[in-house]
Amino acid sequence: DVRLVESGGGMVQPGGSLRLSCTASGLAFNDYEMAWIRLAPGKGPEWVSAINAGGGSPYYGDSVKGRFTISRDNAQNTVYLEMNSLKPEDTARYFCATAESDLRGLTSAFPDWGQGTQVTVSS
């Protein structure tokens, strides 16, 4: 079974930084595009970031572009999300997920999710 375990969340002041980690098991990690998705109360899910299987072609949502950096270490079955210049509106539960592409090569589904890690940005 696929298992994704996030860590690294916490409370941070506006302008601060956090580094989230997601360690995967039960899949050939180096064959999968990986993504970060966040859920906040009263808001729909937001696709935050993604990275292809080889560690290239990063995607960032407009709201985090320039502040967040996604990376992965396939030898450790781990994907990271470095979050800088955090804002209160970044407060959410952050989930990592596997990602799949459609026939056109566009990311189209997130079949497997972790349990999430809470990020709270507040003074």
> Could you tell me the separation between the OG atom of Ser57 and the CD1 atom of Ile51, rounded to the nearest 0.5 Å?
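Answer rounded to 0.5 Å: 9.0 Å.
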
> Within the side chain of Arg67, is there an N or O that forms a donor-acceptor pair under 3.5 Å with the backbone of Ser85?
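Side chain of Arg67 to backbone of Ser85: a pair is present.
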
> Ignoring hydrogens, what is the shortest heavy-atom contact between Ser101 and Ser108? Give both atom names and the distance.
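Minimum heavy-atom contact is C-OG, 3.6 Å.
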
> Quick one: CG on Asp112 to CG on Leu27, what's the gap to the nearest 0.5 Å?
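Between atom CG of Asp112 and atom CG of Leu27 there are 7.5 Å.
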
> Taking only residues two or more places apart in sequence or in another chain, which ones pass side-chain contact (heavy atoms from CB on, under 4.5 Å) with Ala28?
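Residues passing side-chain contact (heavy atoms from CB on, under 4.5 Å) with Ala28: Asn30, Asp31.
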
> Ignoring hydrogens, what is the shortest heavy-atom contact between Leu86 and Leu18? Give both atom names and the distance.
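Scanning both residues completely, I find the closest heavy atoms to be CD1-N, 3.9 Å.
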
> Show every salt bridge (charged side-chain N to carboxylate O under 4.0 Å, His left out) that has at least one partner inside residues 34-45, sequence neighbours left out.
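Qualifying pairs: Arg38-Glu46, Arg38-Asp90.
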
> Atom CE of Met83 and atom OG of Ser49: how far apart are they, to the nearest 0.5 Å?
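Rounded to the nearest 0.5 Å, the CE-OG separation comes to 11.0 Å.
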
> Look at the side chain of Arg93 and the backbone N and O of Leu39, then say whether any donor-acceptor pair between them is shorter than 3.5 Å.
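A pair under 3.5 Å: no.
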
> Quick check on the hydrophobic clustering: are Val48 and Ile37 connected, directly or via other members, by side-chain heavy-atom contacts under 4.5 Å?
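In one cluster: no.
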
> Which pairs count as disulfide bond (SG atoms under 2.5 Å apart) when at least one residue sits in residues 14-123, sequence neighbours excluded?
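Listed by first then second residue: Cys22-Cys96.
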
> I need the minimum non-hydrogen distance between Gly26 and Val2, along with the two atoms involved.
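Minimum heavy-atom contact is O-CG2, 3.8 Å.
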
> Counting only N and O atoms by type, is there a donor-acceptor contact under 3.5 Å from the side chain of Thr120 to the main-chain atoms of Met11?
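Checking the backbone N and O of Met11 against the side chain of Thr120, no donor-acceptor pair under 3.5 Å is found.
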
> Kindly state each residue pair satisfying salt bridge (charged side-chain N to carboxylate O under 4.0 Å, His left out) with at least one member in residues 1-15, sequence neighbours excluded.
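Those involving residues 1-15 do not exist here.
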
> Please find the pair of heavy atoms, one from Val119 and one from Leu20, that lie closest to each other, and give the distance.
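Answer, listing the atom of Val119 first, then Leu20: CG2-CD2, 4.0 Å.
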
> Any idea which heavy atoms bring Thr107 and Glu33 closest together, and the distance?
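Heavy atoms of Thr107 and Glu33 come nearest at OG1-OE2, 2.7 Å.
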
> Per the disulfide bond (SG atoms under 2.5 Å apart) rule, what does the pair list look like for residues 25-55, sequence neighbours excluded?
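Qualifying pairs, neighbours excluded: none.
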
> Measuring only between side-chain heavy atoms, which start at C-beta, is Val121 closer than 4.5 Å to Pro14?
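They are in contact (side-chain heavy atoms under 4.5 Å apart), so the answer is yes.
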
> Taking the side chain from Asn74 and the backbone from Ala53, do they hold a donor-acceptor pair closer than 3.5 Å?
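Here the side-chain-to-backbone pair exists.
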
> My understanding is that only residues two or more places apart in sequence, or in another chain, count here; which of them pass side chain to side chain donor-acceptor pair (under 3.5 Å) with Thr78?
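With neighbours one apart ignored, the set is Thr23.
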
> Do any pairs count as a salt bridge (charged side-chain N to carboxylate O under 4.0 Å, His left out) and have a residue in residues 50-66, sequence neighbours left out, and if so which ones?
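Residue pairs with at least one partner in residues 50-66: Asp62-Lys65.
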
> For Glu82, which residues count as a side-chain contact (heavy atoms from CB on, under 4.5 Å) partner, sequence neighbours excluded?
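side-chain contact (heavy atoms from CB on, under 4.5 Å) check on Glu82 returns Ser17, Arg19, Thr69, Asn84.
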
> Sequence neighbours left out, what passes ring pair (Phe, Tyr, Trp, His ring centres under 6.0 Å) with Phe29? Give chain and number order.
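Partners of Phe29 by the ring pair (Phe, Tyr, Trp, His ring centres under 6.0 Å) criterion come out as none, since no residue qualifies.
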
> Once ring-ring contact (aromatic ring centres under 6.0 Å, His included) is applied, what residue pairs with a partner in residues 76-107 remain, sequence neighbours excluded?
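Pairs touching residues 76-107 that pass the test: Phe95-Trp113.
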
> Quick one: list whatever passes side chain to side chain donor-acceptor pair (under 3.5 Å) with Asp102, sequence neighbours left out.
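Applying side chain to side chain donor-acceptor pair (under 3.5 Å) to Asp102 gives Arg104.
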
> Can you list every ring-ring contact (aromatic ring centres under 6.0 Å, His included) pair that touches residues 49-70, not counting sequence neighbours?
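Applying ring-ring contact (aromatic ring centres under 6.0 Å, His included) to every pair that reaches into residues 49-70, excluding sequence neighbours, yields Trp47-Tyr59.
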
> List the atom of Gln118, the atom of Thr91, and the distance in Å for their closest heavy-atom pair.
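The answer is NE2-CG2, 4.1 Å.
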
> Quick check on the hydrophobic clustering: are Trp36 and Phe110 connected, directly or via other members, by side-chain heavy-atom contacts under 4.5 Å?
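Not linked; separate clusters.
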
